[in-house]
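One structure is given here, and the rest of the page talks about it.
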Amino acid sequence: MTFFESLLALLLAAIVLLQFARRLSLPYPPMLALAGVVVAFVPGAPTIVLDPKTALALFIAPILLDAAFDFPAKVVWKLWRPLVLLALVAVLVSTAVVAWIGWQFAGLPIAAAIVLGAIVAPPDAAAATAVLSSVSLPRRTVAVLKGESLFNDASALLLFSGALAVQASGGFTGGVALQLTLAVPGGLLLGIAFGLLTRRINRYVGGTLGGTLLQFVDAFVVWLVAEHLHLSAVLAVVACAMTVARSPEVIGSPRERVHSYAVWTTVVFLLNVLAFLLMGMQARTIVGRMPTNRLYEALGVAAMVVVAVIVTRFVVVMVWNRLSRSIESLRDESKPPTVSQGLIVSWAGMRGLLTLATAFALPNDFPQRDVVVLIAFAVVLATLVFQGLTLTPLIKLLKLDALEDPAKQLVKARAAIAKTGRDALAGKEGREADNLRDSYDIDCGDDTRQRYRVLGLEAVRAERTHLIEMRDDHRISVETYQILEEELDWREITLLPDEERQIEER
């Protein structure tokens with residue numbers, strides 16, 4: 001099979017698996033990863049090897065840009081304490097614990113053991129987001145997990161590149177120190193500069209398909225430029241996205257926002273699906289390179305590392321949870337986190353593509369490279385499957401999904417903005433103003449809103465039938481039909497119940 005045929009077959013298999021996951025109410029990342037492992041050992045199955053640098057740019061960069069664009073900068077400042085804990089302290093402690101295991105039980109040199117720790121330390125943003133998308137959690141918990149995903153990759157990659165440079169050069173040199181010192185501020189400045197440049201370009205390409213395409217090009221170019229300059233690519237992408245998001249020009253028209261959102265949602269989901277499936281398919285390459293006796297020895301060390309990363313995150317989070325409840329200066333203005341919230345944050349530490357890609361990026365002469373890659377793969381697969389499949393039941397067991405009602409929150413917010421709209425019409429006279437006031441009043445009661453919805457949908461159906469008749473009788477052109485059809489589609493969307501306006505992820 002050609003590469004294109006293999007990729008097409010994988011996507012078809014993924015679509016089928018996604019339907020099983022949806023009907024069984026299971027998160028799709030662990031199912032796709034397991035399916036990839038199964039496919040990898042099927043005789044005649046295609047071998048698709050991930051190029052590390054390409055994988056990071058292709059899968060991580062756009063996912064980071066998408067998440068950072070929607071993450072308010074004010075929330076970063078508000079939650080900086082737990083974000084520093086998870087994105088820096090937890091990564092450092094996990095790296096240290098795993099490095100000790102690698103040095104003590106796998107016989108790795110200190111620098112190489114630190115490389116191993118940095119590889120398996122950062123949880124995967126896509127995995128946690130995909131698993132948590134099917135349940136309701138308190139807003140603060142979701143914000144902390146999403147915020148962590150924006151920054152923990154940066155600290156882990158800095159540790160990885162620094163320790164790898166020390167291992168290659170045989171010591172901590174001035175060049176390595178300078179590179180690490182400049183990586184963070186340089187990455188932030190590069191991202192801000194690209195963001196400002198993008199804001200200027202958006203004035204000319206906004207509202208066009210080229211403008212949407214530019215958003216993806218931005219993610220890849222910023223990442224690659226940062227990589228070539230040895231700066232933090234993660235922070236560069238995050239800074240670029242947040243800079244663009246704060247621009248007045250980026251708001252655009254409603255049509256542009258809907259179009260851009262639809263494109264990004266689909267592409268990011270496609271990248272997630274491919275990433276999890278391809279991760280599992282690396283099993284044959286990894287296992288096939290090791291002798292049997294070395295395989296069992298490496299699996300023993302891998303089991304210790306899996307337990308270490310899970311327990312270490314749990315200890316760090318729960319210690320912080322306890323301290324923040326006891327010491328008022330350690331928490332922000334909101335209520336202190338509960339034990340249940342701490343448990344969920346601890347259990348959401350699934351590893352993913354970054355861990356596997358950095359492991360594959362190791363040079364061929366790296367000490368015990370095959371063992372390190374196998375350990376990384378075992379950590380990814382174990383945490384993704386074990387924690388991924390049990391996270392949702394744990395949330396329901398702790399009843400965290402019942403703490404906040406998204407439906408009530410939506411009704412309250414809708415009523416608030418409707419009141420603002422009615423207030424803006426105060427003092428305005430005429431039939432048009434009266435009609436607009438009536439349209440805002442439909443949110444005052446469930447019976448009124450349901451009656452309005454039924455009548456509105458009935459009118460739209462009649463209009464749509466007549467529009468089709470005019471097209472079929474050649475009384476209007478295809479272009480006119482498409483414009484009017486889109487207008488009816490938007491009108492119908494506004495009349496549909498909330499649960500019918502969203503497209504399911506799977």
Side-chain angles (χ1 to χ4, degrees), residues 24-30 67 71-72 75-76 78-91 93-94 97 121-152 306-352 382-410 412-413 505:
L24 295 174
S25 298
L26 294 174
Y28 71 85
F71 198 82
V75 176
V76 176
K78 182 179 180 181
L79 299 177
W80 70 269
R81 297 174 183 83
L83 292 183
V84 168
L85 172 82
L86 293 173
L88 185 60
V89 177
V91 169
V93 175
S94 298
V97 173
D124 182 70
T129 302
V131 171
L132 294 173
S133 63
S134 59
V135 294
S136 173
L137 275 174
R139 282 170 290 172
R140 189 180 189 278
T141 304
V142 174
V144 167
L145 289 172
K146 288 187 175 181
E148 175 198 10
S149 68
L150 297 179
F151 302 107
N152 62 1
V306 170
V307 173
V309 296
I310 294 176
V311 172
T312 300
R313 181 179 173 90
F314 176 82
V315 171
V316 170
V317 172
M318 297 311 293
V319 168
W320 169 262
N321 187 288
R322 177 61 181 170
L323 289 175
S324 64
R325 292 179 65 84
S326 304
I327 306 174
E328 188 175 351
S329 61
L330 292 180
R331 58 178 184 262
D332 49 52
E333 298 83 1
S334 59
K335 295 180 181 178
T338 64
V339 174
S340 297
Q341 289 173 312
L343 287 172
I344 294 304
V345 171
S346 302
W347 204 244
M350 295 157 284
R351 273 59 178 177
T383 57
L384 199 57
V385 174
F386 180 50
Q387 292 178 281
L389 291 177
T390 55
L391 183 59
T392 300
L394 180 61
I395 291 171
K396 294 180 178 179
L397 178 66
L398 297 174
K399 298 182 179 179
L400 282 175
D401 56 333
L403 290 181
E404 293 183 7
D405 189 346
K408 288 183 178 179
Q409 186 181 123
L410 180 62
K412 186 177 180 180
E505 191 177 49

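Keep in mind the model is a prediction, meaning the values are calculated, not measured. No hydrogens, no waters, no symmetry mates; every other heavy atom, side chains included, goes into these values.
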Only counting residues at least two apart or in another chain, list the ones meeting ring-ring contact (aromatic ring centres under 6.0 Å, His included) with Phe314.
none
Can you tell me how far [atom2] of [Y] sits from [atom1] of [X], rounded to the nearest 0.5 angstrom?
{"X": "Ile344", "Y": "Thr338", "atom1": "CD1", "atom2": "OG1", "answer": "9.5 Å"}
{"X": "Leu398", "Y": "Trp347", "atom1": "CG", "atom2": "CH2", "answer": "12.0 Å"}
{"X": "Trp80", "Y": "Leu85", "atom1": "CH2", "atom2": "CG", "answer": "11.0 Å"}
{"X": "Asn152", "Y": "Asp124", "atom1": "CG", "atom2": "CG", "answer": "9.0 Å"}
{"X": "Arg140", "Y": "Leu145", "atom1": "CZ", "atom2": "CG", "answer": "11.0 Å"}

According to salt bridge (charged side-chain N to carboxylate O under 4.0 Å, His left out), does anything in residues 308-321 pair up with another residue at least two apart or in another chain? List the pairs.
Glu148-Arg313
Write down the atom of [X], the atom of [Y], and the distance for their closest heavy-atom approach.
{"X": "Asn321", "Y": "Ser324", "value": "O-OG, 3.0 Å"}
{"X": "Gly342", "Y": "Val317", "value": "O-CG1, 3.5 Å"}
{"X": "Gly147", "Y": "Leu83", "value": "C-CD2, 3.5 Å"}
{"X": "Arg351", "Y": "Ala121", "value": "NH2-O, 2.8 Å"}
{"X": "Gly349", "Y": "Thr383", "value": "O-CB, 4.4 Å"}
{"X": "Ala348", "Y": "Pro123", "value": "O-CB, 4.5 Å"}

Could you walk me through whether Leu86 and Val316 satisfy the side-chain contact (heavy atoms from CB on, under 4.5 Å) test, starting with their C-alpha distance in whole Å, then the side-chain angles of each, then the deciding distance to 0.1 Å, before giving a yes or no?
CA-CA 8 Å; Leu86 293 173; Val316 170; 5.9 Å; no
Backbone N/O of Val309 and side chain of Thr312: donor-acceptor pair under 3.5 Å:
no
Any chance you could lay out the side-chain contact (heavy atoms from CB on, under 4.5 Å) test for Val339 and Met318, step after step, and finish with the verdict?
CA-CA 8 Å; Val339 174; Met318 297 311 293; 3.8 Å; yes
Evaluate the side-chain proximity of Leu391 to Met350: yes if any heavy-atom separation is below 4.5 Å, no if none is.
yes
Which residues pass the side chain to side chain contact (heavy atoms under 4.5 Å, CB included) test with Ala382, not counting sequence neighbours?
Val306
